[in-house]
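Since the model is a prediction, treat every value here as computed from it, not as a measurement. Chain letters run A, B, ... following the sequence lines, proteins first, then strands; residues in each count from 1.
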There are 2 protein chains.
Amino acid sequence: MVGTKDIKPLIDDIARLEHEHQLECQDCSLYRLCLPLGLHRDDLVQLDKIIKRSQGYDKGQTLFNLKDDFISLYVVRSGSFKTTISASDGREQVTSFYFPGEFIGLDAIHMDSYQSKAVALESSSVCELPFDNLQDLGSELPRLQVQLLTRVSKELSGDKSLMLLLGKKTSDEKLATYLLSLSKRFKDRGFSAKEFQLTMSRSDIANHLGLAVETVSRLFSRFQDNGLIAIKGKTISLTDVEKMQALCG
Amino acid sequence: MVGTKDIKPLIDDIARLEHEHQLECQDCSLYRLCLPLGLHRDDLVQLDKIIKRSQGYDKGQTLFNLKDDFISLYVVRSGSFKTTISASDGREQVTSFYFPGEFIGLDAIHMDSYQSKAVALESSSVCELPFDNLQDLGSELPRLQVQLLTRVSKELSGDKSLMLLLGKKTSDEKLATYLLSLSKRFKDRGFSAKEFQLTMSRSDIANHLGLAVETVSRLFSRFQDNGLIAIKGKTISLTDVEKMQALCG
DNA sequence: TTATTGCATTGATCTATATCAAGTGGCGAC
DNA sequence: GTCGCCACTTGATATAGATCAATGCAATAA
C-alpha cells in the first residue's frame, strides 16, 4: 500500500518524459497496427509532422462531445475509450470500444461535427490527426488515403457484425462473441489472448450488447460456474476458448 | 389484365435502349446524390470511362454473394437492394437497404472478398465501379478519394444509429424510426416523402429491425388504427408525420 | 374460372430477459 | 480505521415481444 504511493511520481515522470520525447511513428510500438502501415519512410516523416501527440486523459474524461466541431481524428496510443450516441430522450448506446492503434471519430468525416461522444475508460493517451492536414497530405500520398479508407471500411464491417449480434443473438451468445472479440484484439496487440482487464464497467458492456447489467452479471457467474471463464473484478481469464467459440453462434 | 401483358415488351425495349445508350454521369438524374458530386467536368469524363453500366437485376437476384471476390463497388441506379450477413448456424441479419445513388460493398474494401450478400428487391440496375480502377483514378483525383471516404463515413454513421435502434428502442419506436428514415431518403431522391412503396417484404423489415414478422404486422395495423399511416399491401402513406416523429424517441 | 403458393394478418400462449428489490464487497475520503 | 458510496451480484417477479397456430388474401399458374 505504501509502495503504490511511492512509485506514482515515477510513473508520472515516465509519462512526462514520453510526452516530451514525442515518440515518432517510426519508433512507435503500434507501428504495425496503425495508420503508417504501408507508407514509405519518407512519407512517415511527413505524417509525423502533422500528428499532435496529446497529453493523457484520465478515466472518465471526455475526448470529444456530441456536436463538438469535427477537427481531428484520434488514434488510441495507450489505454481505452468508449463512444456513445444518444436518443433525444437521453437513452444512450455504447457504440464501440477503442484500443491502441484504433481510430476514433471516423463516423464524423462526412459532417462538420462529431456524431458521438468519446470518453476514456482508464488513463489513456491519443495521437491527434487534424483532418484538414491529413487530407492535404493524403492528396500527395495516395497510400495514406487508401489506408484511411481501409480503416473506415473495417469499422463498418465490424459494425455490421454487431448488428447481427444485437438483432439475432441470445444473451449468452452476445457475451461470448464480445469476449472473444476482445481476446482477438488483445492478441493482435501482443497481449495475452486468455487473460486481460475489462477496462469498461459491467454496465458499459451490458449497454453495448443490448442487455441489462443484471443479465451480464448473471452470465459472468454462469460462465464461471460452467468453467468457461475465471473472473475476479475486472480481470478475466478465458479458461475454455473452444467451448466459448461454440457458444457464439 | 390484358393491358399489362401488352406493355411488358415496351418496358423491356426501354430498358434495352437505356442500356445501349450507356447514359453518362453528366446526364444522370442521380448526379447530385452520387459519387460525381464535387468533381470537375473533365474528371467526370475519366470517371465515366471506368464505370460499367450493368444489365438489370430481377427481383430476388443476387448482386454478389458472401465470400465472392471483391472486385467492384456498386451504385444503385434504379430499384433497390438489401444486404445480409449470417451467423455460422444460418441465422441472417438484414444489415441495410440501398436505394438509387447509394453505394453497395463499402464494407468489403478492407478485405479481398465481400463480407455480405446483396440481393435485388425489385427489378433494379446498378453502376459497377471496379475498385482497382477507382483507386488508380483516385490517386490522381483527390476529390474523388474524399468523396469515397465521405460515403463510407456516412454509412458508418447510419449504422451507429441503427445500433441505437437495435439496442435501445421499443418495437414501435423501431418501426417509426425506420419509416421516417425511408421517407427522408425518398424525399432526397425527389419522390414523395409521404407515400411510397415498401419494396422489401414484411419479414425483411422485421429482420432488419430485430423483430418478428408478426410484430411488424401488428404494428402496421396499430399504426393504421391510430391514424399514423394508411397501408395497403406494399404501398404506405404517412398520414401523421408529427406524431410519427414523436414516436421515434 | 379455379387451384396453388407464398406472404401477410390476427389470435393465444410462452419465455427470455427486463425490472424491481435487497444485499455484498471494495475503495477512496476523511 | 470506518464511513459512505458506487459497482456489482443475486433473487423474485413482470412483461414485451417471440413463438405457435390458424386463417386470409393476392398473384401466378392451370
Side-chain angles (χ1 to χ4, degrees), chain A residues 1-5 8 58-60 82 91-94 119 121-123 165-176 178 197-225 229-236 247 249, chain B residues 1-5 8 58-60 82 91-94 119 121-123 165-176 178 197-225 229-236 247 249:
Chain A
M1 304 306 128
V2 179
T4 309
K5 274 194 179 160
K8 181 75 168 63
D58 291 334
K59 178 175 177 167
K82 68 171 173 182
R91 274 174 297 178
E92 285 201 333
Q93 170 76 27
V94 174
V119 174
L121 296 172
E122 59 189 309
S123 293
L165 179 147
L166 287 169
K168 294 282 156 325
K169 294 194 177 180
T170 62
S171 59
D172 43 9
E173 290 172 332
K174 285 177 175 181
L175 189 60
Y178 176 67
Q197 295 293 315
L198 299 167
T199 55
M200 64 296 297
S201 69
R202 301 287 192 271
S203 104
D204 285 336
I205 298 174
N207 182 305
H208 183 56
L209 302 178
L211 297 170
V213 200
E214 293 92 330
T215 305
V216 169
S217 194
R218 276 185 260 268
L219 284 169
F220 274 138
S221 302
R222 215 178 72 214
F223 279 11
Q224 182 151 243
D225 292 348
I229 61 171
I231 191 161
K232 178 87 196 300
K234 302 213 163 267
T235 309
I236 188 171
L247 250 183
Chain B
M1 302 305 126
V2 178
T4 310
K5 272 194 180 161
K8 180 75 168 63
D58 291 334
K59 178 175 176 168
K82 69 171 173 182
R91 274 175 296 179
E92 285 201 336
Q93 170 76 27
V94 174
V119 173
L121 296 172
E122 59 190 309
S123 292
L165 178 147
L166 286 169
K168 293 282 158 322
K169 294 194 177 180
T170 62
S171 58
D172 43 8
E173 290 171 333
K174 284 177 175 180
L175 189 61
Y178 176 66
Q197 295 293 315
L198 297 168
T199 54
M200 64 296 298
S201 70
R202 301 287 192 269
S203 103
D204 285 336
I205 298 174
N207 182 304
H208 182 56
L209 301 178
L211 297 170
V213 201
E214 294 93 331
T215 304
V216 169
S217 194
R218 276 185 258 268
L219 283 169
F220 275 138
S221 302
R222 215 179 72 213
F223 280 10
Q224 182 150 244
D225 292 346
I229 61 171
I231 191 160
K232 178 89 195 300
K234 302 216 164 264
T235 310
I236 187 171
L247 250 183

Could you check if a side-chain atom of B:Leu209 sits within less than 4.5 angstrom of a side-chain atom of B:Thr215, using non-hydrogen atoms only?
no
Drop me the distance from B:Ser221's OG to B:Ile229's CD1, to the nearest 0.5 angstrom.
8.0 Å
Taking C-beta and beyond as the side chain, do B:Val216 and B:Tyr178 meet within less than 4.5 Å on heavy atoms?
no
Ignoring hydrogens and geometry, is there a side-chain-to-backbone donor-acceptor pair from A:Asn207 to A:Glu92 under 3.5 Å?
yes
Atom CD of A:Gln224 and atom C1' of D:dT9 are separated, to the nearest Å, by 12 Å
Side chains of A:Leu219 and A:Lys174 in contact at under 4.5 Å (non-hydrogen atoms):
no
Using C1' atoms of five pairs at each end, report the bend of the helix from C:dT1-D:dA30 to C:dC30-D:dG1 rounded to 10 degrees.
40°
Provide, to the nearest angstrom, the distance between the CG atom belonging to B:Leu209 and the P atom belonging to D:dG17.
12 Å
May I have the distance from B:Asp172 (atom CG) to D:dG17 (atom P), rounded to whole angstrom?
7 Å
I'd like to know whether NZ of A:Lys234 has more than 12 heavy-atom contacts from other residues, nucleotides or ligands below 6.0 angstrom.
yes
Could you measure the distance from the OG1 atom of B:Thr199 to the CG atom of B:Leu121? Nearest 0.5 Å is fine.
4.5 Å
Expressed in angstrom and rounded to an integer, what is the separation of B:Lys174 atom NZ from D:dG17 atom C1'?
9 Å
Distance, rounded to the nearest Å, where A:Ile229 contributes CD1 and D:dT9 contributes C1':
13 Å
Are B:Phe223 and B:Leu247 packed together at the side-chain level, in the sense that at least one heavy-atom pair is separated by less than 4.5 angstrom?
yes
Hey, what do you get for OG (B:Ser203) to CD (B:Glu214), rounding to the nearest 0.5 Å?
10.0 Å
Provide, to the nearest angstrom, the distance between the CZ atom belonging to B:Arg91 and the P atom belonging to D:dT19.
11 Å
Distance check needed: D:dC8 C1' versus A:Ile236 CD1, whole Å only.
14 Å
Please list residues of residues 212-221 of chain B whose heavy atoms come under 4.0 Å from any atom in DNA chain D, ordered by number; otherwise none.
B:Ala212, B:Glu214, B:Thr215, B:Arg218
Under 4.0 Å: is that the gap between some side-chain N or O of A:Lys234 and OP1 or OP2 of D:dC8?
yes
Outermost DNA chain C nucleotides near chain A [under 4.0 Å, heavy atoms]
C:dT17 to C:dC20
Within a strict 4.5 Å, meaning less than it, do heavy atoms of the A:Ile231 and A:Leu198 side chains meet?
yes
Taking C-beta and beyond as the side chain, do A:Met200 and A:Val94 meet within less than 4.5 Å on heavy atoms?
no
For A:Arg202 and D:dA7, what is the distance between atoms CZ and P respectively, to the nearest whole Å?
12 Å
